[in-house]
Amino acid sequence: MSIAEVRGPKAPRDPKKKDPFFYVMHGKGIYGSPQPDGRGIQFIYSNDGRIIDAARLSGNITDEDMLNKLRSTAGFREMVKSIGVSVSAKMSTDPVRFVMQMYPKNPGEPATEICKEFVPDGMENTIDLDTVDWIDTDNEIGQMRFEFPKTGVQALADVRFYLNEGFTAPPQPMELMVDTKSDAYKAMIANSLMQEGNTIRLNNLLKKAAAGEKVTVGFIGGSITQGAGAIPIHEMCYPRIFADDFEKKFAKPGMVELVKAGVGGTPSELGMIRFERDVLKSGDKKPKLIVIEFAVNDEGDETKGVCYESLVRKALALPWKPAVVLIFAVFSHDWNLQERLSPVGRRYNLPMVSILDAVSPQFPKMPDEGRVISKNQFFYDQYHPSNMGHRVMCDSLINLLEVVSKKGEAAADDLYKEDGSIDLDKIEPALGKDFEKVELIDKKEFERLKDKYEITNLEEGSFNKEDSDIQRVEMDSEIKPVPEFPYNWSHEENAGNEPFKLGLSCSKLLLVFKDSGLPNHGTAEVFIDGEKVKDANPLEVGWTHCNPVIVLNEEETKHHDVEIRMADGMEDKKFTILGFGVVK
C-alpha cells in the first residue's frame, strides 16, 4: 500500500464568508396539509405586507427603507441576492419542494415561481436570484409553499434573505425557550383575565364535567379559531389543546367533545348567520361552553359591534344555559378590538380573556428585563399565533377556569338567577341586538324555512348551478377541510343574465356571497323591491372566502322582492350566492 493511499482527506478550504442576511421564517413549524392530488402542502401567504411583518418579526428589521423594498418584486430583487432555505422534517426522507411565488400586477397575468427541491435534513439550500427567469408582470412576493409528496409531514423551516452589497442586516435574534412552568409565565397568563364576570354558568360546567357527564366545548371565530399558524392545525390549535387540557384537569377521560367553528377572514357578521349550523350542528349539539373570538376580525363589520352582540345574545339565549366566554386575540402590531367589544361583555357580566393584555406589555422587553415570550415566538405571521401562541391562548382560558374553580360557588346577581338563567328581554343592549334572531337560508334550508318567512317564490334564473370551488375549512378536530356554504346558487360563465328572484317576509336581510381572486368573477347588483341597494364585487377582497353584507335593515317585517342580476358587462362572469341571513 502506498503512502498516498493511507492519507486522510484534504483539509477543507476556508468557508466562503456568507453575505449578511435576515430571517423571514425562523424555526417555524410547517405541515403537509392534504391536497386533492395526494400531496401535502404548507402555504405561507406573503402578499399585502405580510412579508414585511415577517421581516420585522423573524428578522429584526427596523430600517424602513429595507422594509419598503419588500413591497415590490423590483425592490426585493434590488435588495436580496439569494434565498437560503432549510427544512428539518420528522421521520421523512422524501424531498421537499420550496416555492416562492410572485403575484402579478393584475389577476390572471403570469408571474414568476422560484423553486428548489431538496432533502429536508436541516441543511441550508441556496437559490441565487440572478439565475431566475423573471417575468415582467411580477408585482410582489405572493406566497411561499413547502410541498411534500405525501400528507402529514411535520417539519421546522428557516428562510433567510441574503443581501446585496450596500445593505446591512441587524443581528438576528437568538431566543431562549419559553418556560411555561416559570412564575413569570404564570404571571403573564394571569394578566389575561380581563373580567371574571358572573361565573354561575362556568361553575355549572365544571360540576357537570367533574360528575362524569359528557361535555361539549364549542368555539366560534375567525382564522385563529380555525387554527391558522398551528402546526398541525387540527392538533395544536388553541381550541383542540384547550379541550385536551380541560379533560385532563376538570373532566373524566373521553368525556369532552370539541366543536370548532373558526372560518378564516370572516367577522361576527358571518358568525351569527352560521352559528346554528356550525356550532349547534343544526340542533344536534348542545355545547356547555361557547367561546367567541372575533376581536381581530370585526374591523370591517358594518354595524360596528351590533352583529357581535347579536351573536353573544344568541349564545346566552340557548335553553341549556351554556357558559359564554369572550376571548380577545391580538395581531402582531399589538392591536385588537377589545375596546369596542368589551362593553358587550360588561353589559352581560361575562368572563373575558384578553391575549393582548397578557402578551403585548412584555414584548418590548429583553429576556433579562422580564420578557417571557418574543413576538417571533408568539406569532407565526403578522396575524396568527404559532404553536406557542396557541398554547398561550389555551392557558389563558384554563387560567380562567382555575380561578373559578378555586373560588367555588357563584352568587346570583341582577342579571343571572341561581340556575344561570337570564332574561335578555329586560337587558338594554350595549351596542345593538338587531340580528339576534338571524337564520341561514340556503338551498338546503329553503324548504324548512319557506313557510316561516312566507317565501312566495324563488326563481334561480341563470344562478342555477352549484359552485364547488368555495372556501374550505378544517372544522372540529378534522384535518380535511370541508366546504363552507356548499348549498349555493351559482351564475357560471356565459350563463346569460336571467335574475335570481326571491320573495319573502322579513325585516332584515344579509347576502352571503363568494369572494374570489380570479378574473373570471364579476360584480352582481342587488335590488330590493325594485331599488338597487348594493353592488356585490367578489374581486374587492381578492381571495376565495365568504362575504356577508347587509342589504336590508328595517324595524318592521314586510314582504320584499329580492332580485340579483349580473351588472352590465359582467354577464359572462361568475358570481355565487352562498346564502342569506334572514330576520323575521
Side-chain angles (χ1 to χ4, degrees), residues 187-206 217-222 224-225 238-239 242 246 262 267-268 271-272 279 287-299 301 304-318 321-331 334-361 385 389-390 392-407 410-411 413-416 420 422 424 427 429-433:
M188 181 187 76
I189 295 298
N191 289 337
S192 70
L193 186 49
M194 192 173 177
Q195 174 175 293
E196 290 178 36
N198 185 293
T199 60
I200 287 177
R201 291 189 176 194
L202 280 177
N203 283 124
N204 291 340
L205 164 74
L206 294 173
V217 294
F219 290 76
I220 185 167
I224 293 175
T225 295
Y238 84 92
F242 170 84
F246 179 84
S268 56
M272 67 182 186
V279 177
K288 302 298 190 298
L289 170 67
I290 297 174
V291 178
I292 298 174
E293 177 269 316
F294 281 108
V296 292
N297 280 59
D298 268 11
E299 175 63 20
D301 168 26
K304 303 301 181 188
V306 174
C307 291
Y308 182 83
E309 185 165 4
S310 297
L311 172 60
V312 169
R313 288 174 68 98
K314 262 181 177 288
L316 283 171
L318 293 170
K321 300 181 282 293
V324 178
V325 174
L326 309 183
I327 186 168
F328 303 122
V330 63
F331 278 167
D334 303 322
W335 173 90
N336 70 13
L337 289 168
Q338 68 186 45
E339 198 169 309
R340 177 201 288 178
L341 302 178
S342 59
V344 175
R346 286 192 285 273
R347 180 58 51 92
Y348 303 96
N349 203 15
L350 295 174
M352 294 191 287
V353 170
S354 169
I355 307 306
L356 183 150
D357 288 357
V359 299
S360 290
H390 280 274
V392 169
M393 293 185 71
C394 165
D395 288 349
S396 296
L397 289 170
I398 291 292
N399 172 68
L400 164 65
L401 294 180
E402 288 176 337
V403 169
V404 171
S405 177
K406 287 174 184 174
K407 287 195 172 181
D413 59 20
D414 293 340
L415 297 179
Y416 296 88
I422 181 172
L424 290 171
I427 301 175
L431 303 174
K433 60 176 183 177

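The residues of the chain are indexed from 1 along the displayed sequence. Everything numeric in this text was worked out from a predicted model, so none of it was measured.
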Tell me if the NZ atom of Lys407 is crowded by more than 12 foreign heavy atoms within 6.0 Å. no
Nearest heavy-atom contact between Asp298 and Arg340 is O-NH1, 3.0 Å
All heavy atoms of Ala410 vs all of Thr199, minimum pair found to be CB-OG1, 3.1 Å
Value for CZ (Phe242) from CD1 (Ile398), rounded to nearest 0.5 Å, stands at 4.5 Å
Are Pro385 and Ile224 side-chain neighbours, meaning at least one heavy-atom pair lies under 4.5 Å? yes
Flag side-chain contact, heavy atom, 4.5 Å: Pro239 against Val291:
no
One should read off an interatomic distance between Leu206 CG and Glu402 CD, to the nearest 0.5 angstrom, of 10.5 Å
- prompt: Does a side-chain N-to-carboxylate-O contact under 4.0 Å join Arg347 and Glu309?
  reply: no
Query raised in the report: Are Asn191 and Pro361 side-chain neighbours, meaning at least one heavy-atom pair lies under 4.5 Å?
Result: no
Residue pair Tyr308 / Leu431, side-chain heavy-atom distance below 4.5 Å: no
| query | If only atom types and distance count, is the side chain of Arg313 paired as donor or acceptor with the main-chain N or O of Leu424 below 3.5 Å? | reply | yes
Dump the intermediate steps for side-chain contact (heavy atoms from CB on, under 4.5 Å) on Val392 and Val359, then the final yes or no. CA-CA 9 Å; Val392 169; Val359 299; 3.9 Å; yes
Report yes if some heavy atom in the side chain of Asp357 is under 4.5 Å from a heavy atom in the side chain of Leu193; otherwise report no. no
Nearest heavy-atom contact between Met393 and Ala329 is CE-CB, 4.0 Å
Look only at the side chain of Asp301 and the backbone of Pro267, and say whether a donor-acceptor pair between them is shorter than 3.5 Å. no
Do Ser405 side-chain atoms and Leu401 backbone N/O form a donor-acceptor pair below 3.5 Å?
no
- Go through the steps for Leu326 and Tyr348 under the test side-chain contact (heavy atoms from CB on, under 4.5 Å), then give the verdict. CA-CA 11 Å; Leu326 309 183; Tyr348 303 96; over 6 Å; no
Begin with the C-alpha distance, continue with both residues' side-chain angles, and end with the deciding distance and a verdict on side-chain contact (heavy atoms from CB on, under 4.5 Å) for Ile422 and Ile427. CA-CA 9 Å; Ile422 181 172; Ile427 301 175; 3.6 Å; yes
> Would you call the rings of Phe219 and Tyr238 parallel, tilted or perpendicular if under 30° counts as parallel and over 60° as perpendicular?
Replying inline: perpendicular
Would the distance check show the side chain of Asn198 and the main-chain N or O of Ala411 forming a donor-acceptor pair, the cut-off being under 3.5 Å?
yes
message = Any non-hydrogen side-chain atom of Phe331 less than 4.5 Å from a side-chain atom of Asn336?
response = no
message = Please check: side-chain N/O of Arg201 versus main-chain N/O of Leu316, any donor-acceptor pairing under 3.5 Å?
response = yes
When rounded to the nearest 0.5 Å, the distance separating CE of Met272 from CD1 of Ile292 is 12.5 Å
CD1 (Ile290) and NZ (Lys314) are apart, to the nearest 0.5 Å, by 11.0 Å
For Ala430 and Pro343 the tightest heavy-atom approach is CB-O, 3.7 Å
Distance col, row Met194:CE vs Leu350:CG, nearest 0.5 angstrom, shows 12.0 Å
Closest heavy-atom pair, Ala190 versus Asn399, reported as atoms and distance to 0.1 Å, is CA-ND2, 3.9 Å
If you define the side chain from C-beta out and look only at heavy atoms, does anything of Ile220 sit under 4.5 Å from Phe294?
yes
In this structure, OG of Ser268 is separated from CD of Glu293 (nearest 0.5 Å) by 10.5 Å
| message | Given 3.5 Å as the limit, does a donor-acceptor pair link the side chain of Glu196 with the main chain of Leu400, or not? | response | no
Any side-chain heavy atom of Ile189 sitting closer than 4.5 Å to one from Ser396?
yes
Heavy-atom nearest pair, Pro322 first then Pro287, reads CB-O, 3.3 Å
TODO: Evaluate the criterion side-chain contact (heavy atoms from CB on, under 4.5 Å) for residue pair Asn349 and Gln195; output intermediate values, then yes/no.
DONE: CA-CA 8 Å; Asn349 203 15; Gln195 174 175 293; 3.6 Å; yes
